Chemist: 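Let me begin by handing over the structure; questions about it come next.
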Amino acid sequence: MSDVMIRVPAEVRDQLAAVAEARGTSLRALMQEIAAQTLTPDQVGERAERTRALLAERFGHYVTDEESAEMRRKMREATAAHRAALAGTESSG
């Protein structure tokens with residue numbers, strides 16, 4: 001196993017350390033968990049293709065590129081709204 005040093009602002013380090021402590025794990029284990037759960041762009045593309053194939057095979061629905069683009073746009077908007085709501089909750093609490 002190799003070590004990597006990642007420089008982040010102190011508040012990010014403190015937040016990660018607090019999350020690790022709350023989960024009863026180490027910062028190293030938390031970072032490994034985050035890395036394992038985060039998909040690369042290639043993995044996202046592979047998953048999207050598998051989903052398209054499944055929809056076509058099981059339901060006879062062929063997702064167009066336009067439908068995919070629209071869904072990505074909606075997901076980005078929903079994610080941005082969720083993050084904004086969380087930021088509002090944190091700043092008012």
Side-chain angles (χ1 to χ4, degrees):
M1 181 182 310
S2 63
D3 287 335
V4 174
M5 181 184 293
I6 301 172
R7 294 182 184 270
V8 296
E11 56 271 7
V12 172
R13 180 208 56 223
D14 294 345
Q15 180 180 358
L16 290 169
V19 170
E21 182 178 348
R23 292 185 183 183
T25 190
S26 68
L27 190 52
R28 177 187 299 264
L30 176 66
M31 296 309 298
Q32 288 173 326
E33 179 183 330
I34 290 169
Q37 293 175 355
T38 304
L39 300 177
T40 66
D42 286 344
Q43 290 169 322
V44 170
E46 291 167 7
R47 187 172 286 187
E49 286 306 313
R50 286 195 313 269
T51 301
R52 281 183 184 212
L54 178 80
L55 289 171
E57 178 185 318
R58 295 212 179 147
F59 303 103
H61 181 76
Y62 296 87
V63 179
T64 66
D65 290 341
E66 292 79 17
E67 288 172 319
S68 288
E70 179 66 9
M71 186 55 68
R72 281 191 301 275
R73 183 189 66 75
K74 287 180 179 180
M75 290 301 292
R76 281 192 302 272
E77 288 176 0
T79 300
H82 178 70
R83 287 181 177 157
L86 287 176
T89 301
E90 290 173 358
S91 65
S92 66

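In this text the structure is predicted, and so the values were computed from the model without any measurement. All residue numbers in this chain count up from 1 along the given sequence.
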Chemist: The criterion is side chain to side chain donor-acceptor pair (under 3.5 Å); which residues satisfy it with Arg47, sequence neighbours excluded?
Modeler: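 Expected list: none.
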Chemist: According to the salt bridge (Lys or Arg N to Asp or Glu O under 4.0 Å) rule, which pairs have a member within residues 26-35, sequence neighbours left out?
Modeler: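 Every salt bridge (Lys or Arg N to Asp or Glu O under 4.0 Å) pair that includes a residue of residues 26-35, provided the two are not neighbours, is Asp3-Arg28, Arg23-Glu33.
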Chemist: Taking only residues two or more places apart in sequence or in another chain, which ones pass side-chain contact (heavy atoms from CB on, under 4.5 Å) with Leu16?
Modeler: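 Counting only residues at least two positions away or on another chain, Leu16 forms a side-chain contact (heavy atoms from CB on, under 4.5 Å) with Val12, Leu27, Leu30, Met31, Ile34.
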Chemist: Taking only residues two or more places apart in sequence, or in another chain, which ones meet Glu49 in a side chain to side chain donor-acceptor pair (under 3.5 Å)?
Modeler: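 Once residues adjacent in sequence are excluded, Glu49 has no partner under the side chain to side chain donor-acceptor pair (under 3.5 Å) criterion.
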Chemist: List for me each residue that meets side chain to side chain donor-acceptor pair (under 3.5 Å) alongside Arg52, sequence neighbours excluded, and say none if there are none.
Modeler: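 Result, side chain to side chain donor-acceptor pair (under 3.5 Å) vs Arg52: Asp65, Ser68.
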Chemist: Not counting sequence neighbours, which residues clear side-chain contact (heavy atoms from CB on, under 4.5 Å) with Ile6? List them please.
Modeler: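 Testing Ile6 for side-chain contact (heavy atoms from CB on, under 4.5 Å), a comparison that skips the adjacent residues, returns Val4, Val8.
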Chemist: Which other residues belong to the hydrophobic cluster containing Phe59, where Ile, Leu, Val, Met, Phe, Trp and Tyr are joined when side-chain heavy atoms lie under 4.5 Å apart, directly or via other members?
Modeler: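 So far as hydrophobic clustering goes, Phe59 is joined with Leu55, Val63.
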Chemist: For Glu70, which residues count as a side chain to side chain donor-acceptor pair (under 3.5 Å) partner, sequence neighbours excluded?
Modeler: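 Glu70 satisfies side chain to side chain donor-acceptor pair (under 3.5 Å) with Arg73 only.
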Chemist: Please identify each residue that fulfils side-chain contact (heavy atoms from CB on, under 4.5 Å) with Thr40, with sequence neighbours left out.
Modeler: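 Thr40 satisfies side-chain contact (heavy atoms from CB on, under 4.5 Å) with Asp42, Gln43 once adjacent residues are dropped.
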Chemist: To which residues is Met75 joined in a hydrophobic cluster, defined by side-chain heavy-atom contacts under 4.5 Å among Ile, Leu, Val, Met, Phe, Trp and Tyr, whether direct or through other members?
Modeler: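 Met71, which link up through side-chain heavy atoms under 4.5 Å apart, make up the rest of the cluster.
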Chemist: Just wondering, do Arg72 and Glu77 contact through their side chains at under 4.5 Å, heavy atoms?
Modeler: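 A side-chain contact is absent here, since even the closest heavy-atom pair is not under 4.5 Å.
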Chemist: So which pairs with a foot in residues 11-22 pass salt bridge (Lys or Arg N to Asp or Glu O under 4.0 Å), sequence neighbours left out?
Modeler: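 Every candidate salt bridge (Lys or Arg N to Asp or Glu O under 4.0 Å) pair involving residues 11-22 fails, so no pair, neighbours aside, qualifies.
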